[in-house]
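Right, one structure below, let's go through it.
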Amino acid sequence: MENSEIARLLAETADLMEIAGEDPFRIRSYRNAVSAIEAYPEPLETMGRQPGRSFTEIPGIGKGLASAIREILERGSFERRDEMLAKYPPTVLPMLRLQGVGPKTLRALIEHFHISTMDDLERICAEQRLRTLPRMGAKLEEKILRSISQFRQSAGRFTLDFAANVVEDLAKHLGEVTPAGSFRRGKETVGDIDLLMTSKDPAGAIQRFVSYPGIKEVLAKGENKASAKVGFEGIQVDLRVLPAESFGAALQYFTGSKEHNVALRTRAVHRRLTLNEYGLFRQEGGERVAGETEHGVYEALGLAWIPPELRENSGEIEAAETGSLPRLIERSDIRGDLHMHTRESDGRATLEEMAEAAKTLGYQYIAITDHSKALAMANGLDEKRAVAFARRVREFNRQNGGVYVFSGLECDIKRDGSMDLAEDALAELDFVVGSIHSYMNMEAEEMTDRLLRALESPSLRALGHPTGRVLLHREAFPFDFARIAEAAAARGVALEINASPERLDLHAPLLRAAKAKGCRFVISTDAHHCKHLENMRFGVLMARRGWLGPSDVLNTLPLEQFKAALRIS
DNA sequence: GCCGTTTTCGGCCCGACTGTTTTCAGTCG
């Protein structure tokens, strides 16, 4: 069993305990354990088999949780979870994710209306019965209904990191598979996963697939194709086993997008060719022109091979025809990571651990950007602590020859657009990221003014997660993006591509718009522990979808050039 | 439930908004 699954069971139990109104400190311990386990580099299952070792080695895990973990590894659940599930069915849990619904409200709803699903809650709100409860009114009914509808829209979609884990696991089980579909295009959320492979023994490959232990339900099983729901969340995976001669055509076909494929097929027809998932053929005589490789298919259509991230029929075919496709940024171009948190605020690792992890990734530099004081819950830094931290970082760099650390801050942009910390304190820091974490329900005009004012701050280097969206959860807040991009370009403030798979903010259309306005970018992980640093790849995918090359992204610069860009000696 | 002790108990990040009230509980970050 994976660490993430153990963490999920504990988190679910903590949610249920919260609804039941149990001791908040005990619940906090569970939540601490969840993030400790998620961040833990070693599989607990392996660790549990090693004599002389105990889960209490992990900070945040004591005797009680260690025994719960042992129980989970033995039988897939533990006593307290079973108890809680006897009280409340797991179907109540998704309702906790709705805006305006917390554990207390949910408990009141369950007790008064005996609801157990989101459908029940929707009905209560639609019938305007929620308002019969104390302290609940029409506004909450509306808010919940809005939130339910948004939840429905995102249901059945998954974040990229989740899909990546499924793909990696399946690849271990199946051998060489090639993902296609929106996953291969690097779309920020995916609905299902398409996997392709070639094999001399298709039946054997299909059999291996349907016997994968993570499979929840086999939806279809044929000679060359099978579909199944995989994992607890039930993401659909389609596997296709193909003959080698049509692999490239199939890869092209199943990678899409639909719009891109329509344009390609039209192009083929103009050339008296026909393109399908089996290959590219002459209309007269049916002779195969291409199909073994994707490159061959594009070449036969008079096009350069198009990177999957660009295949949205938004100019890439024209560029491929004229040989003007951009040289896209790659993960190996990245020299540093400029947004991360440590224990100083709400991160889990120390500055030293982050620097070490960055070194392993081959980086030359990082910026530590903990939260500022407005995020009290994250133990954000005030002026005094920020300046002291900058001193500590300078000391670290003197003593340490490895990765160069820039002192930074993720400074809250307050309601009026001013910075959370005084400018003289910010001036002590090397790299200030400005981010909005509150008052996201402003009108567009007010929000635009707020961001414009923030961009006036002389210390600001980058605008963090600029639209504030959280995938599958919260929409971007409204503002005039074109004006902000123009102002950022004029002020020399970089726009962040936040690589956290929950955000992936900015996304492709905005990146292209911003690039056209002359903006520069940084790709940053917003890591809260060392493992998160690996999310850089998702940020790079986003940048590629936005047609960005290395010269558009500041953290491709080697250390000395980056310092020069910041005017740091 | 964890942790660290002033070591077997007592403390454990908190400030502000929202919608509902008419003084504040619950949510959010």
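The distance between the ring centers of H371(A) and H437(A) falls below 6.0 angstrom. Annotation: F477(A) is not in aromatic contact with Y439(A) [ring centroid separation under 6.0 Å not met]. Annotation: H341(A) is in aromatic contact with H339(A) [ring centroid separation under 6.0 Å]. In this structure, Y365(A) has its ring center at least 6.0 angstrom away from the ring center of Y363(A).
Nucleotides dT20(B) and dT27(B) are separated by 13 Å at their C1' atoms, to the nearest Å. Rounded to whole Å, the C1' atom of dC2(B) lies 15 Å from the corresponding atom of dC13(B). Comparing dG1(B) with dT8(B), their C1' atoms sit 15 Å apart, to the nearest whole Å. dC12(B) sits 14 Å from dT5(B) when the C1' atoms are compared, rounded to a whole Å. Spacing between dG15(B) and dG10(B) at atom P, rounded to whole Å, works out to 25 Å. Separation of the P atoms belonging to dG26(B) and dC9(B) is 32 Å when rounded to the nearest angstrom. Distance check on atom P: dT21(B) versus dA16(B) gives 25 Å, rounded to whole Å.
Residue-level contact check: S438(A) touches neither bases nor backbone, having no heavy atom under 4.0 Å from any strand. If you check every strand for non-hydrogen atoms under 4.0 Å, R131(A) touches nothing. Counting any heavy atom pair closer than 4.0 Å across all strands shown, R80(A) reaches sugar-phosphate atoms only and no base atom. L98(A) comes within 4.0 angstrom of sugar-phosphate atoms only, judged by non-hydrogen atoms across all strands, and of no base. Counting non-hydrogen atoms under 4.0 angstrom, P59(A) reaches the backbone sugars and phosphates but no base. A138(A) comes within 4.0 angstrom of sugar-phosphate atoms only, judged by non-hydrogen atoms across all strands, and of no base. If you check every strand for non-hydrogen atoms under 4.0 Å, D23(A) touches a base. Residue contacts for I27(A): at a heavy-atom cut-off of 4.0 Å it reaches no nucleic acid atom on any strand shown. Backbone-only contact: P103(A) has heavy atoms under 4.0 Å from sugar-phosphate atoms and none from a base.
Bracketed by its first and final contacts, the part of DNA chain B lying under 4.0 Å from non-hydrogen atoms of chain A reaches from dG1(B) to dG29(B) in 5' to 3' order.
A salt bridge links R123(A) to D120(A): at least one charged side-chain nitrogen sits closer than 4.0 Å to a carboxylate oxygen. Taking 4.0 Å as the cut-off between side-chain N and carboxylate O, R70(A) and E74(A) do not count as a salt-bridged pair. For D82(A) and K87(A), the salt-bridge test fails: no basic side-chain N is under 4.0 Å from an acidic carboxylate O.
Place Y439(A) and K63(A) on DNA chain B by their nearest nucleotides, and K63(A) ends up nearer the 5' end. Residues M136(A) and N379(A) each lie close to DNA chain B; by heavy-atom proximity, the contact nearer the 5' end of the strand is made by N379(A).
Residues meeting the side chain to side chain donor-acceptor pair (under 3.5 Å) test with E383(A), sequence neighbours left out: K373(A).
Pair assignment for dC14(B): dG29(B), on the basis of Watson-Crick or G-U wobble contacts that are both within less than 3.5 Å.
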